[in-house]
Amino acid sequence: MSTCAPTRHDPPPRRPHPRRALGAKSPHAPPPAGGRRLRIGGADMSASITVFLIAVPMSLGLALAVGAPLEAGLVAAAIGGIVAGLFGGTPLQVSGPSAGLTVVTAELIQVYGWRTTCAITVGAGLLQILLGTLRAARNALAVSPAIVHGTLAGIGVAIALAQLHIMLGGSPQSSVWANALALPGQLSGIGPAAPLIGSLTIAVLLLWPRLPGRAGRTVRRIPAALASVVVATAVAAVAAPGLARVDLPSWGSHALPELPHGPVLALATAAFTVMLVASLESLLAAVSVDKLAADRTGEPTTPAPAAPSTAAPARAPASATAVPPQRSDLDRELRGQGAANTLTGLLGGLPVAGGVVRGSANVRAGATGRASTVLHGVWVLLAAGLLVTVFEWIPLAALAALVMVVGVQMVSFAHIRNVHKHREFPVYAATVAGVVGFGALAGVALGVAVAVMVSLHRLGRTKITVTEQDGRHVVTVHGQLTFLAAPRLTRTLGQLPPGIDATVELDGFFMDHAAYEAIQTWRGTQLAQGGRIAFTGRSGSRIAEPAAAAHSCCRPWTPWRNHHCHDRRADNAGPTTGTLTSSDPGASPTPGAGRTGGAHRLRSGLSSFQRSTAPLVRSELARLASEGQRPSQLFITCADSRLVTSMITSSGPGDLFTVRNVGNLVPPPGTAPPGPVSAGTTPAGSGDDSVAAAIEYAVDVLRVESITVCGHSGCGAMQALLQGEPETGPEKPRTPLWRWLRHGLPSLERMASRRHSWARVSGRLPADEVEQLCLTNVVQQLEHLRAHEAVARRLAEGTLQLHGMYFHVGEAQAYLLTEKSSSGTGREEVFDRVSTGERERTGV
């Protein structure tokens with residue numbers, strides 16, 4: 001096993017809880033995990049109607065754009081909403097006919113016909129199910145965003161050119177170049193009706209979201225896509241009754257798939273292309289919907305913790321019922337999209353994919369779960385059977401204009417600026433050109449080829465310079481050392497005189513074997529001729545020679561992150577004299593076993609500090625030594641080794657006066673230890689003076705401005721309190737640990753009491769009993785803190801503030817108790833999440 005593998009610590013076993021009667025509720029247990037039953041709320045109902053009103057004209061327009069039967073768009077919208085909504089992994093994403101698949105589907109219909117295209121859609125759906133089962137969804141996101149956005153932009157260009165012909169009253173050609181070449185002739189022979197209706201549709205579509213005033217805010221509740229089509233339909237009915245309109249044939253003549261006819265390789269390529277484009281668009285849309293949902297609620301997009309099998313509390317705060325956003329299960333989403341494509345192909349519908357437009361509309365309309373997505377599909381299904389006559393009033397020019405705007409919007413200038421900022425515009429431009437000129441699959445392949453060439457070019461652009469400072473040569477290498485840079489590196493090093501003193505600065509993070517051999521050969525030659533060679537990193541700190549570096553997973557510029565792998569070989573060394581080997585099943589370590597490794601780690605850490613950190617902080621520590629300490633905060637937290645107070649508070653020497661103990665407990669003043677007084681114990685009537693002394697010194701002598709009590713997730717002291725105290729007696733007295741943990745019993749009582757509000761984190765319920773007790777304990781210790789005379793006096797003067805803090809170790813996320821709760825004046829006990837953009841308000 002690698003010496004860099006992190007050590008896993010299994011949590012201590014939980015004390016089994018007594019069984020409760022059926023239907024009994026624990027007053028402080030988080031809610032049970034939600035079942036699979038579809039819950040329909042008012043917000044989901046209204047959101048489903050909003051998305052339905054957007055989906056119907058879009059579905060008809062996309063079916064028109066690809067040359068498919070118009071009812072195929074409605075079939076795809078209904079199946080995408082119901083099937084992908086029920087089985088997909090992104091509850092708020094809405095699936096349906098895809099603009100990204102328009103060019104691909106149109107080409108398939110021209111080459112193979114509509115019924116074979118349906119069969120290809122079935123094959124693409126089966127491929128998606130297979131990839132989702134193999135958990136390949138995350139790998140799809142490894143494609144460069146420049147390639148994905150370039151593909152969508154190229155498809156958008158093709159859509160816009162094709163629909164422009166229909167909006168002008170003509171018919172689109174078979175390719176992008178043919179549409180571009182035929183456009184002048186189309187402009188010379190256009191009639192006025194179709195272009196005017198199309199222009200009216202575009203104007204309403206763009207201006208509708210910008211209507212001013214109170215009336216505008218009311219009217220804007222109607223989706224712009226629906227409003228533009230309705231206005232254009234009404235005007236066309238009066239001003240241009242002879243304009244071409246939607247023609248929905250009867251469902252009795254609806255075409256179903258047939259066995260595909262054609263070369264097997266070509267059909268397989270077609271199915272793969274549909275699968276690739278649909279999957280990429282769906283997965284990117286899922287990620288975007290996650291971000292929109294997180295921005296709406298202010299929560300991180302992390303999976304919700306599994307709720308324990310306890311009943312919901314009888315009295316939960318109203319805000320605790322909000323469902324936090326969850327990160328999408330992309331593999332399940334891919335399987336759901338595959339099921340939808342398989343079924344829509346079997347029923348004669350267009351290929352489906354998740355869409356950002358419909359998904360963002362669903363989120364902004366207030367949807368809370370997958371019920372809105374499923375209901376939108378139900379509404380489309382009902383409309384397809386009941387509103388055929390209404391649909392046939394819609395002018396084709398209005399639908400073409402609507403889809404043309406969608407195509408133009410797929411060419412996002414924000415994406416262009418982003419890829420240009422990351423120096424990937426050549427990849428984007430090549431992908432767009434490939435999609436426009438040769439099709440979606442060829443465009444993606446061209447984009448991947450250009451991306452590989454750009455990456456190789458960057459790997460090969462390694463700058464090597466040689467300077468001389470005080471008689472010592474300094475070789476600076478900027479960039480990555482790969483085999484592409486090895487010839488220049490060898491040439492530069494070979495030009496240096498033999499037997500010199502040199503420093504090699506490696507300003508990069510990668511060195512392959514060819515470059516390693518070149519440096520090692522040159523170093524060996526220089527050492528043999530009396531030279532002295534040193535290697536440094538980008539910060540200038542000395543690093544190990546390449547031979548030693550091959551055995552270490554640490555990097556000199558990330559000492560804290562990989563601190564656990566320094567000198568791990570000492571831990572894994574074989575047994576020394578006087579110790580028992582692990583092969584002896586009855587062996588137990590003797591005194592002194594393992595001390596050598598521990599001492600080595602201590603000396604190594606101290607040496608690292610003296611070498612790297614001490615030069616940086618020496619002047620500041622000298623100032624503090626001469627001026628004395630003047631901390632602004634007293635920080636009371638747990639002794640848990642995972643809490644690095646200076647790191648999570650971004651503080652330095654002299655900032656925090658820190659008190660650490662098991663469970664971040666603050667004994668009330670005058671607390672006497674239980675039981676009879678014996679030798680070595682504290683006399684009855686006195687308290688645990690260590691914490692009290694620190695409080696008195698910080699408040700009265702150091703005059704700190706604030707005191708923070710910080711709890712953390714997975715606290716072992718809280719777990720011990722929940723498990724209960726072991727049995728004690730004359731032969732088995734109470735241990736020092738439990739004599740200390742008695743100060744946490746008031747927190748346990750507070751959690752069980754109905755007189756106090758229920759602590760929660762940023763609008764959600766605690767994940768389990770341990771987290772609930774960790775939160776409650778912070779609030780209770782603040783009450784103990786206010787009982788100390790020095791603290792009470794400074795609080796009355798208004799010169800001291802108290803703060804409660806909770807740190808979730810696994811998420812590396814800090815939460816602060818609300819101001820009223822910290823001061824003891826509020827009834828609610830809420831820990832708010834500290835965001836990355838929040839300014840310092842409390843000093844914590």
Q. What residues, two or more places apart in sequence or in another chain, satisfy side-chain hydrogen bond (donor to acceptor under 3.5 Å, both in side chains) together with His784?
A. Gln780, Gln781

Side-chain ([X]) to main-chain ([Y]) donor-acceptor, under 3.5 angstrom:
X	Y	answer
Trp738	Pro726	no
Ser646	Gly652	no
His788	Val791	no
Arg794	Val699	yes
Thr776	Gln772	yes
Asp689	Ala693	no

Q: Verify side-chain contact (heavy atoms from CB on, under 4.5 Å) between Val809 and Leu643, making sure each step is shown before the conclusion.
A: CA-CA 8 Å; Val809 178; Leu643 260 67; 4.1 Å; yes

Q) In chain order, what residues pass the side chain to side chain contact (heavy atoms under 4.5 Å, CB included) check against Thr645, with sequence neighbours excluded? A) Phe635, Thr637, Leu656, Thr658, Arg660

Q: Could I get the full list of side chain to side chain contact (heavy atoms under 4.5 Å, CB included) partners for Ile648, not counting sequence neighbours?
A: Met805, Phe807

Q: Go through Val709 and His803 one step at a time and tell me if the side-chain contact (heavy atoms from CB on, under 4.5 Å) criterion holds.
A: CA-CA 6 Å; Val709 177; His803 303 295; over 6 Å; no

Nearest heavy-atom neighbours spanning [X] and [Y]:
X	Y	value
Ala717	Leu741	CB-CD2, 3.8 Å
Ala787	Pro669	O-CG, 3.5 Å
Leu92	Gly369	CD2-N, 3.6 Å
Cys638	Gly663	SG-N, 3.4 Å
Leu802	Leu785	CD2-CD2, 3.7 Å
Val704	Leu800	O-CD1, 3.6 Å

Just how far is it from atom [atom1] of [X] to atom [atom2] of [Y], taken to the nearest 0.5 Å?
X	Y	atom1	atom2	answer
Cys715	Leu722	SG	CG	10.0 Å
Gln610	Arg603	CD	CZ	11.5 Å
Leu665	Arg742	CG	CZ	10.5 Å
Gln633	Ser706	CD	OG	4.0 Å
Cys710	Ile636	SG	CD1	11.0 Å
Asp832	Thr818	CG	OG1	6.5 Å

Would you mind listing every salt bridge (Lys or Arg N to Asp or Glu O under 4.0 Å) that reaches into [range], with sequence neighbours excluded?
range	value
residues 695-713	Asp700-Arg793
residues 642-658	Asp640-Arg642
residues 617-629	Glu620-Arg623, Arg623-Glu627

(Q) Applying salt bridge (charged side-chain N to carboxylate O under 4.0 Å, His left out), can you list everything that pairs with Glu783, at least two apart in sequence or on another chain? (A) Arg750

Please examine the side chains of [Y] and [X], heavy atoms only from C-beta on, and report whether any two atoms are closer than 4.5 Å.
X	Y	answer
Phe831	Leu775	yes
Leu773	Leu721	yes
Leu634	Thr708	no

Q. Does anything in residues 604-633 pair up under ring pair (Phe, Tyr, Trp, His ring centres under 6.0 Å), and if so which pairs, sequence neighbours excluded?
A. none

Q. For residues 693-717, which residue pairs qualify under ring pair (Phe, Tyr, Trp, His ring centres under 6.0 Å), counting only residues two or more places apart or in two chains?
A. Phe657-Tyr697

Q. Pick one: which of Gln813, Arg833, Glu771 meets side chain to side chain donor-acceptor pair (under 3.5 Å) with Tyr806?
A. Glu771

